[in-house]
Amino acid sequence: MNFPDLHRPGDPLLLPNAWDYGSAALLAAHGFPAIGTTSLGVSAVHGKPDAAGATKAETIELAETISGLGVLVTVDIEGGFSDDPSEVADLVSCLAALGVAGVNLEDGRPDGTLRPIELHQRVIEAAKGHGVFVNARTDTCWLGTGDTLARVRAYGHADGIFVPGLSDPGAIAEVVAATPLPVNVLYQPSGPSLARLAEAGVARVSTGSLLYRAALGAAVATALGVRGEPAPPIPTYQEMVARLPG
């Protein structure tokens, strides 16, 4: 089955996100047909800030490393590592040549603002035409700014829409109704279940940085357990970002 066919509204693709070869290989071995990467995990592994355009080379290297695992791979390329559409096109073309099936392309910026709609439309257009599924991510909910539905409609020339931070089933259903494209949401342990997200019409559910953070939490819990100390909670995204170099 090709990657677009895995996006079924009401029967969503559960997409786990890996951060290195080992995590990707283990997920592939457990039967997940497609695996994404997580920019936080890649950034943290290499001691660089997340969502700051600092890990282009590392992201390409990871994509090349895991592309031979026999599963479909979609890559988090943040904002494309450039505001220049031609540079984004070159990046996506490079990833396509490595066998990558998809990319996530976000409109959030490191300073907490959103890329202008018209510019992100051009960036999305530049990413198209390479045989790669372009998942247009809007960070309106993630950053608490901008008009979600306006951006969802504006990015209608992508292959999919991703709205991380969206957790209310009614709001999710509203986004689903606003676009003919398959809608991707970020799984949150405190949010709706996979079954409830399916009922809302979601076509893809990503784990984002959750698996990476859970792995770190388990590692710390194991170390503390040797000392007879209780396990701490899984670190939050914000806690991890705060520990990365600025």
Side-chain angles (χ1 to χ4, degrees), residues 7 9-10 12-17 36-41 43 49-53 74 76-80 102-121 123-124 127 133-213 234-242:
H7 296 71
L13 166 68
L14 176 59
L15 184 77
N17 296 80
T37 65
T38 163
S39 67
L40 174 66
S43 298
D50 183 36
T74 180
D76 182 348
I77 59 171
E78 299 184 3
V103 294
N104 269 358
L105 196 53
E106 67 198 45
D107 60 9
R109 287 177 153 169
D111 63 0
T113 63
L114 295 169
R115 179 181 270 162
I117 288 179
E118 296 79 8
L119 175 55
H120 201 59
Q121 286 176 319
V123 169
I124 292 168
F133 186 101
V134 179
N135 203 34
R137 169 177 149 177
T138 182
D139 286 344
T140 51
C141 295
W142 199 246
L143 299 176
T145 185
D147 185 326
T148 298
L149 293 182
R151 293 206 171 231
V152 165
R153 295 185 181 107
Y155 304 158
H157 55 312
D159 298 301
I161 293 290
F162 184 20
V163 189
L166 195 62
S167 61
D168 176 74
I172 293 171
E174 189 176 13
V175 169
V176 169
T179 176
L181 300 180
V183 173
N184 180 192
V185 299
L186 184 69
Y187 176 77
Q188 301 178 58
S190 60
S193 66
L194 187 63
R196 185 67 186 88
L197 294 172
E199 291 173 3
V202 170
R204 171 167 148 186
V205 179
S206 301
T207 60
S209 66
L210 175 61
L211 302 187
Y212 172 69
R213 291 183 289 106
I234 294 174
T236 66
Y237 174 84
Q238 290 77 13
E239 288 170 341
M240 285 307 306
V241 167

Practice problem: Kindly compute the distance separating CD1 (Ile161) from CZ (Arg137), expressed to the nearest 0.5 Å. | Solution: 12.5 Å
Quiz item: Minimum heavy-atom separation for Gly156 to Leu181, with atom names?
Solution: O-CD1, 3.7 Å
Quiz item: Between CG of Leu210 and CG of Leu186, what distance do you get to the nearest 0.5 Å?
Solution: 8.0 Å
Quiz item: Would you say the side-chain atoms of Asp107 pair up with the backbone N or O of Pro116, donor to acceptor, closer than 3.5 Å?
Solution: no
Exercise. Could you tell me whether the side chain of His157 and the main chain of Gln121 form a donor-acceptor pair under 3.5 Å?
Key: yes
Self-check item: Evaluation steps, side chain to side chain contact (heavy atoms under 4.5 Å, CB included), between Val175 and Leu149
Solution: CA-CA 6 Å; Val175 169; Leu149 293 182; 4.0 Å; yes
Exercise. Kindly assign one of parallel, tilted or perpendicular to the pair Trp142 and Tyr237, based on the angle between their ring planes and the thresholds 30° and 60°.
Key: perpendicular
Practice problem: Would you please say whether a donor-acceptor pair under 3.5 Å links the side chains of Ser39 and Asp76? | Solution: yes
Quiz item: Side chains of Arg109 and Thr113: donor-acceptor distance under 3.5 Å anywhere?
Solution: no
Practice problem: Flag the pair Arg213 / Leu40 as yes when at least one side-chain heavy-atom distance between them is below 4.5 Å, and no otherwise. | Solution: yes
Quiz item: Taking all non-hydrogen atoms of both residues, which atom of Arg151 and which atom of Arg115 are closest, and how far apart?
Solution: NH1-O, 2.8 Å
Exercise. Determine the minimum heavy-atom distance between Pro169 and Arg196, stating which atoms define it.
Key: CB-NH2, 3.3 Å
Quiz item: Considering only heavy atoms from C-beta outward, does the side chain of Leu105 approach that of Phe162 to under 4.5 Å?
Solution: no
Quiz prompt | CD-CD1 distance between Glu239 and Ile234, expressed to the nearest 0.5 angstrom | solution = 11.0 Å
Quiz prompt | Spacing of Thr38 atom OG1 and Tyr212 atom OH [to the nearest 0.5 Å] | solution = 9.0 Å
Quiz item: Less than 4.5 Å apart, any side-chain heavy atom of Ser43 and any of Pro49?
Solution: no
Quiz item: Which one of Leu166, Asp168, Val185 satisfies the side chain to side chain contact (heavy atoms under 4.5 Å, CB included) criterion with Cys141?
Solution: Leu166
Quiz item: In this structure, which one of Leu14, Asn135, Leu197 forms a side chain to side chain contact (heavy atoms under 4.5 Å, CB included) with Arg204?
Solution: Asn135
Quiz item: Going by distance alone, is a donor N or O of one side chain under 3.5 Å from an acceptor N or O of the other, for Ser206 and Asn17?
Solution: no
Self-check item: Over all atoms of both residues, closest heavy-atom pair of Pro192 and Ser167
Solution: CG-O, 3.0 Å
Quiz item: Is there a side-chain contact between Thr74 and Phe133, using heavy atoms and a 4.5 Å cut-off?
Solution: no
Quiz item: Can you name the closest pair of heavy atoms from Ala51 and Glu106 and give their distance?
Solution: CB-OE2, 4.0 Å
Exercise. Heavy atoms only: give me the nearest Ile117-Ala154 pair and the separation to one decimal.
Key: CG2-CB, 3.6 Å
